[in-house]
Amino acid sequence: MSEIKLGIIGGGQLGSMLSNAAQKLNVKTVIYCDDLDAPAKNFCDEFICGKYDEKEKINEFIEKVDIATYEFENIPFETLNEINKTKPVLPKPSINRLIQHRLAEKDFVNKLNLRTTQYASVDKKSDLDSLKDLLPGILKTTTMGYDGKGQYPIKEITEVDALNIDFSKGYILEKLVKLKKEISVIITRFGNNEYEIYEPIENIHEDQILKYSSIPADISENIFKQSKNWAMDIAEELKFIGTLCVEFFIDRNENLFVNEIAPRVHNSGHLTINAYNVSQFENHVRAVCSLKKVSLKKLSNAKMVNLIGSQIEQYRKSNNLGENEFFFDYLKKEIKAKRKMGHITTLIK
Ligand code: ADP
Ligand code: MG
């Protein structure tokens, strides 16, 4: 294949950063997104706007690309499956189907004998009556949630009445973990026992949205090793190709829990652009396009801060950055509360 055309489904900031990485590798990108103003439009070679189940537009996309990947989970399985009949979709559509469903995802992790918080399926309100042991907990939609959307922290069952929840959607109740810390591990798998793995990243959330990520994570040697091993176990079991992120909780007794898996590049890995020789985005493109695997080298410690909502404004106005600071503007048209608008990575010597 002389010139590879990589199709990316989803046009958010992750799609932009994947496109940038692809460009560096001489891989052309075609972004498919349902938003005409998608940020990644500014960074890709070609852009197709269509709904994620729009047959004709999807066919146009299939025609144009050699390989397809995705930058978010909530894509209909039928669409990924249809594309995969003619052009390889990586990671495999079945992996996305498994992981986009919080219950299936947690069952999968437990079958691997890796710890998650206790949880139960909730299909109707009365199911909660027998689940008092899981309180205080968080009621979450089983699908379509992100950045804390579709999540309801509850202490008592009676609180649920006031929330007007539509239980036809399918919910999971998770017991609240008494958090000491949150970390994530990003791994790019190229094939059987062939992978590159980044060191654990420490994450701080505000209002259930990621706010700060940093390396090194302030964790014990044991958690350092265990979290990397668990991420490897998960990637290996899924026979994953590409970049995957495992989000972990550490509780006050130093127990590690898998929170969730993202079958894609991840916000906590933005700092890999500046802190490593190969970013999570470049590694993803390398893996799905069967390009050469390059050994990872860490160049620096780093800290990333997400600019949420109007926090971006001051940075758009002045370019007053230090030499170790890197500002990324996702070029989203509209500033909205709780929307990730950009980020700043600072390298720490
Ligand atoms: P999302 O898909 O929105 O990222 P998560 O399940 O990762 O959903 O939840 C977002 C954040 O909410 C977590 O990173 C954590 O800070 C908090 N949270 C979610 N579930 C739990 C839990 N069971 N115990 C403690 N904190 C939780
Ligand atoms: Mg999460």
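Residue numbers run from 1 in the order of the sequence given. Side chains included, hydrogens not; waters and symmetry mates left out as well; all remaining heavy atoms used. Both ligands and their constituent atoms are indexed starting at 1 by order of listing.
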Suppose I only count heavy atoms of [X] and a 4.0 Å limit; which atoms of ligand 1 are within that range?
{"X": "Glu182", "result": "13 (C), 14 (O), 15 (C), 16 (O)"}
{"X": "Leu176", "result": "24 (N), 25 (C)"}
{"X": "Arg102", "result": "1 (P), 2 (O), 6 (O), 8 (O)"}
{"X": "His205", "result": "14 (O), 16 (O)"}
{"X": "Ile138", "result": "18 (N), 19 (C), 20 (N), 21 (C), 27 (C)"}
{"X": "Tyr146", "result": "2 (O), 3 (O)"}

In the protein, which heavy atom is nearest to [atom], and how far is it?
{"atom": "atom 1 (P) of ligand 1", "result": "Glu260 OE2, 3.3 Å"}
{"atom": "atom 8 (O) of ligand 1", "result": "Gln151 NE2, 2.8 Å"}
{"atom": "atom 11 (C) of ligand 1", "result": "Gln208 CG, 3.9 Å"}
{"atom": "atom 6 (O) of ligand 1", "result": "Lys140 NZ, 2.6 Å"}
{"atom": "atom 3 (O) of ligand 1", "result": "Gly148 N, 2.6 Å"}

*Just to the nearest 10 degrees, tell me the angle at the Mg ion (ligand 2) spanned by Glu247 OE1 and Glu260 OE2.*
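An angle of 100° at the metal.
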
With no hydrogens and no angle check, just 3.5 Å: does a side-chain donor-acceptor pair link [X] and [Y]?
{"X": "Lys340", "Y": "Asn267", "answer": "yes"}
{"X": "Thr79", "Y": "Asp53", "answer": "no"}
{"X": "Gln13", "Y": "Lys332", "answer": "yes"}
{"X": "Tyr195", "Y": "Asn283", "answer": "no"}
{"X": "Ser318", "Y": "Asn320", "answer": "no"}

*asked:* Contact between ligand 1 and Phe249 is defined here as a heavy atom of the residue under 4.0 Å from a ligand atom; is it met?
replied: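 Phe249: in contact with ligand 1 (<4.0 Å).
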
*Does Lys175 have a non-hydrogen atom less than 4.0 Å from ligand 1?*
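The answer is yes, since Lys175 has a heavy atom less than 4.0 Å from ligand 1.
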
*At a non-hydrogen distance cut-off of under 4.0 Å, which region of Leu210 contacts ligand 1 (side chain, backbone, both, or neither)?*
neither

_Please determine whether a side-chain nitrogen of the Lys or Arg among Glu260 and Arg102 lies less than 4.0 Å from a carboxylate oxygen of the Asp or Glu._
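Between Arg102 and Glu260 there is a salt bridge, with a charged N closer than 4.0 Å to a carboxylate O.
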
*asked:* Salt bridge or not between Asp34 and Lys51? Use side-chain N to carboxylate O under 4.0 Å.
replied: no

*Quick one: are the ring centres of Tyr330 and Phe43 less than 6.0 Å apart?*
no

_Close aromatic pair by centroid cut-off 6.0 Å: Tyr198 and Tyr276_ =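 Yes, close enough.
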
*Between Glu247 and ligand 1, does any nitrogen or oxygen pair lie at a separation below 3.5 Å?*
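Such a contact does occur with ligand 1.
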
_Does ligand 1 come near enough to Lys149 that some N or O of the ligand is less than 3.5 Å from an N or O of the residue?_
no

*asked:* Quick one, Tyr52 with Phe72, criterion ring-ring contact (aromatic ring centres under 6.0 Å, His included). Give me CA distance, side-chain angles, the key distance, then yes/no.
replied: CA-CA 12 Å; Tyr52 294 115; Phe72 77 118; 5.2 Å; yes

*Heavy-atom nearest option to atom 24 (N) of ligand 1, drawn from Val177, Asn203, Asn259, Ile209*: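 Selected option, by shortest heavy-atom distance: Val177.
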
*asked:* Between Thr29 and Leu18, is there a side-chain heavy-atom distance shorter than 4.5 Å?
replied: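 A side-chain contact is absent here, since even the closest heavy-atom pair is not under 4.5 Å.
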
